[in-house]
Amino acid sequence: MKPLIVITCSFADEKIFLNRGYYEAVEKAGGIPVGVAPLREKDVLSNLLDRVDGLLLSGGPDVDPRHFGENPRPGLGEVNPLRDEAEIFLCREAVKRRKPVLGICRGVQLINIALGGTVYQDIGSEMEKPLKHRQEAPRWYASHDVNVSKDSLLYRILESDLVPVNSFHHQAVKDVAKILKPVAFSQDGVVEAVEGASGEFFLLGVQWHPEEMWREYPLQLKLFEALVDAARMK
């Protein structure tokens with residue numbers, strides 16, 4: 001039976017939405033994608049996790065800095081309190097249950113925050129000489145490379161220590177949560193991926209958008225295949 005992968009949806013103007021790259025990648029990888037709105041009732045979200053096999057935290061707006069003990073700075077963008085609350089709960093509960101988790105862009109930041117880490121609210125104003133991380137190029141295009149640690153789950157998935165990626169973010173992982181480890185970096189030192197430090201179950205977040213890339217760069221589909229494979233074994 002194909003595993004069910006719940007994908008968090010964006011929420012704005014009283015509408016929920018999900019870019020097609022996410023659910024098409026999960027389907028291509030052999031899973032059944034299930035979109036979920038930022039529901040308020042925690043028991044409903046908990047019940048949902050009981051019925052699915054894996055969690056994909058999608059990209060989206062900034063996470064409210066109150067979730068990592070900071071006040072908002074001038075570079076902070078739009079936040080969505082309902083989405084923050086729902087996704088932080090889903091992430092923590094999925095980790096408690098050892099369910100496979102993959103985070104993309106906002107998703108990697110949210111994983112880190114949910115598990116006790118922090119993020120740069122705006123790398124342009126908080127880091128020295130950052131690369132351009134908001135590319136002005138097609139969304140599928142790889143605008144810079146990331147270096148992947150060879151001693152990592154990510155390396156075993158992609159089988160490469162230098163991976164071309166796209167880039168659409170102005171926040172990034174800062175202080176890494178204790179149960180995570182950073183495993184990929186861009187040339188300016190920005191953390192581009194984290195994973196579970198223990199390696200006991202599938203927990204991975206990447207800063208780029210593989211759902212936009214996999215058709216042109218088939219290597220990126222391996223991330224979704226790894227999530228689905230891990231979910232299949234639950």
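Residue numbers run from 1 in the order of the sequence given.
- For the atom pair CG of Leu18 and SG of Cys9, the computed distance is 4.5 Å after rounding to the nearest 0.5 Å.
- Here the side chains of Leu203 and Glu195 are not in contact, with every heavy-atom distance at 4.5 Å or above.
- Note: the hydrophobic cluster containing Leu102 does not contain Val176 (ILVMFWY, side chain heavy atoms under 4.5 Å, direct or indirect links).
- In plain terms, the two heavy atoms of Phe168 and Cys105 that are nearest each other are O-SG, 3.7 Å.
- Shortest non-hydrogen contact noted between Trp214 and Lys28 is CZ3-CG, 3.9 Å.
- Atoms CG and CZ, from Leu56 and Phe224 in turn, are 6.0 Å apart once rounded to the nearest 0.5 Å.
- Counting heavy atoms from C-beta on, the side chains of Arg40 and Leu82 come closer than 4.5 Å.
- Taking the side chain as every heavy atom from C-beta outward, Phe185 and Val190 never approach each other to under 4.5 Å.
- Cluster membership check: Leu57 does not share its hydrophobic cluster with Phe17, using side-chain heavy-atom separations under 4.5 Å among Ile, Leu, Val, Met, Phe, Trp and Tyr.
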Checking Glu85 against Arg66 for the salt bridge (Lys or Arg N to Asp or Glu O under 4.0 Å) test, could you report, in this order, the C-alpha distance in whole Å, the side-chain angles of both residues, the deciding distance, and whether it holds?
CA-CA 11 Å; Glu85 293 287 346; Arg66 75 180 182 86; 2.6 Å; yes
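- With a 4.5 Å cut-off on side-chain heavy atoms, Arg83 and Ser10 count as touching.
- Taken together through direct or relayed side-chain contacts under 4.5 Å among Ile, Leu, Val, Met, Phe, Trp and Tyr, Val194 and Leu153 form parts of separate hydrophobic clusters.
- At a threshold of 4.5 Å between non-hydrogen side-chain atoms, the residues Thr8 and Leu90 count as touching.
- In terms of modelled atom types and a separation under 3.5 Å, the side chain of Asp161 and the main chain of Tyr155 share no donor-acceptor contact.
- Panel note: side chain Ser149, backbone Asp151; no donor-acceptor pair is recorded below 3.5 Å.
- Considering every non-hydrogen atom in both Val146 and Val165, the closest pair reads CG1-CG2, 3.7 Å.
- Listed here is the closest heavy atom pair of Leu39 and Ala86: O-CB, 3.7 Å.
- Under 3.5 Å, the side chains of Glu70 and Gln121 contain a donor-acceptor pair of N or O atoms.
- Using a 4.5 Å heavy-atom cutoff, the side chains of Val163 and Leu219 are in contact.
- Residues Ile113 and Thr118 are not in side-chain contact: their nearest non-hydrogen atoms beyond the backbone lie 4.5 Å or more apart.
- Looking at Phe202 and Ile157, their side chains come closer than 4.5 Å, going by heavy atoms from C-beta outward.
- Donor-acceptor pairing under 3.5 Å is recorded for the side chains of Asp188 and Ser186.
- The side chain to side chain donor-acceptor pair (under 3.5 Å) with Arg106 is formed by just one residue from the set Glu87, Gln171, Gln207; it is Glu87.
- Between the Arg92 side chain and the Leu115 main chain, no donor and acceptor come within less than 3.5 Å of each other.
- The shortest heavy-atom contact between Ile123 and Ala172 is CG2-CB, 3.8 Å.
- At a threshold of 4.0 Å, the pair Lys15-Asp13 does not count as salt-bridged, since none of the basic side-chain nitrogens sits closer than that to a carboxylate oxygen.
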Can Arg51 and Leu4 be said to form a side chain to side chain contact (heavy atoms under 4.5 Å, CB included), step by step?
CA-CA 8 Å; Arg51 302 182 183 203; Leu4 295 174; 5.6 Å; no
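- Considering all non-hydrogen atoms of both residues, Val95 and Ile179 come closest at CG1-CD1, 4.3 Å.
- A donor-acceptor pair is defined here as one N or O able to donate and one able to accept, closer than 3.5 Å; such a pair exists between the side chain of Asp84 and the backbone of Asp64.
- No more than 12 heavy-atom neighbours from other residues, nucleotides or ligands sit within 6.0 angstrom of CG on Asn71.
- In summary, the side chains of Arg97 and Ser46 do present a donor paired with an acceptor at a separation below 3.5 Å, with no hydrogens or angles considered.
- When the side chains of ILVMFWY residues are joined at heavy-atom separations under 4.5 Å, either directly or via intervening members, Tyr23 and Val36 end up in two distinct hydrophobic clusters.
- More than 12 heavy atoms of other residues, nucleotides or ligands sit less than 6.0 Å from atom NZ of Lys174.
- The aromatic rings of His169 and His133 sit tilted, their planes meeting at an angle between 30° and 60°.
- Atom CG of Asn166 sits about 9.5 Å away from atom CH2 of Trp208, to the nearest 0.5 Å.
- Between the side chain of Asn112 and the backbone N or O of Ala177, at least one donor-acceptor pair lies under 3.5 Å.
- Linking ILVMFWY side-chain heavy atoms closer than 4.5 Å, directly or via other members, places Leu110 and Leu154 in two distinct hydrophobic clusters.
- With 3.5 Å as the limit, one finds a donor-acceptor pair spanning the side chains of Glu211 and Tyr22.
- Distance alone, capped at 3.5 Å, places no donor-acceptor pair between the Asp62 side chain and the Leu76 backbone.
- Around atom NZ of Lys42, more than 12 heavy atoms belonging to other residues, nucleotides or ligands sit under 6.0 Å away.
- Looking only at distances, no side-chain donor or acceptor of Lys181 sits under 3.5 Å from a matching main-chain atom of Ser198.
- Residue Asp43 qualifies as enclosed at atom CG: its count of foreign heavy atoms under 6.0 Å is above 12.
- Atom CG in Leu204 sits 7.5 Å away from atom CD1 in Ile111 (nearest 0.5 Å).
- A donor-acceptor pair shorter than 3.5 Å can be found between the side chains of Ser125 and Asp122.
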Ignoring hydrogens and angles, write down the donor-acceptor pairs under 3.5 Å from the side chains of residues 136-145, residues two or more places apart or on other chains.
residue	atom	partner	partner atom	Å
Glu136	OE2	Lys132	NZ	2.5
Arg139	NE	Glu212	OE2	3.0
Ser143	OG	Gln135	OE1	2.8

Stepwise side-chain hydrogen bond (donor to acceptor under 3.5 Å, both in side chains) test for Asn19 and His209
CA-CA 11 Å; Asn19 290 348; His209 281 270; over 6 Å; no
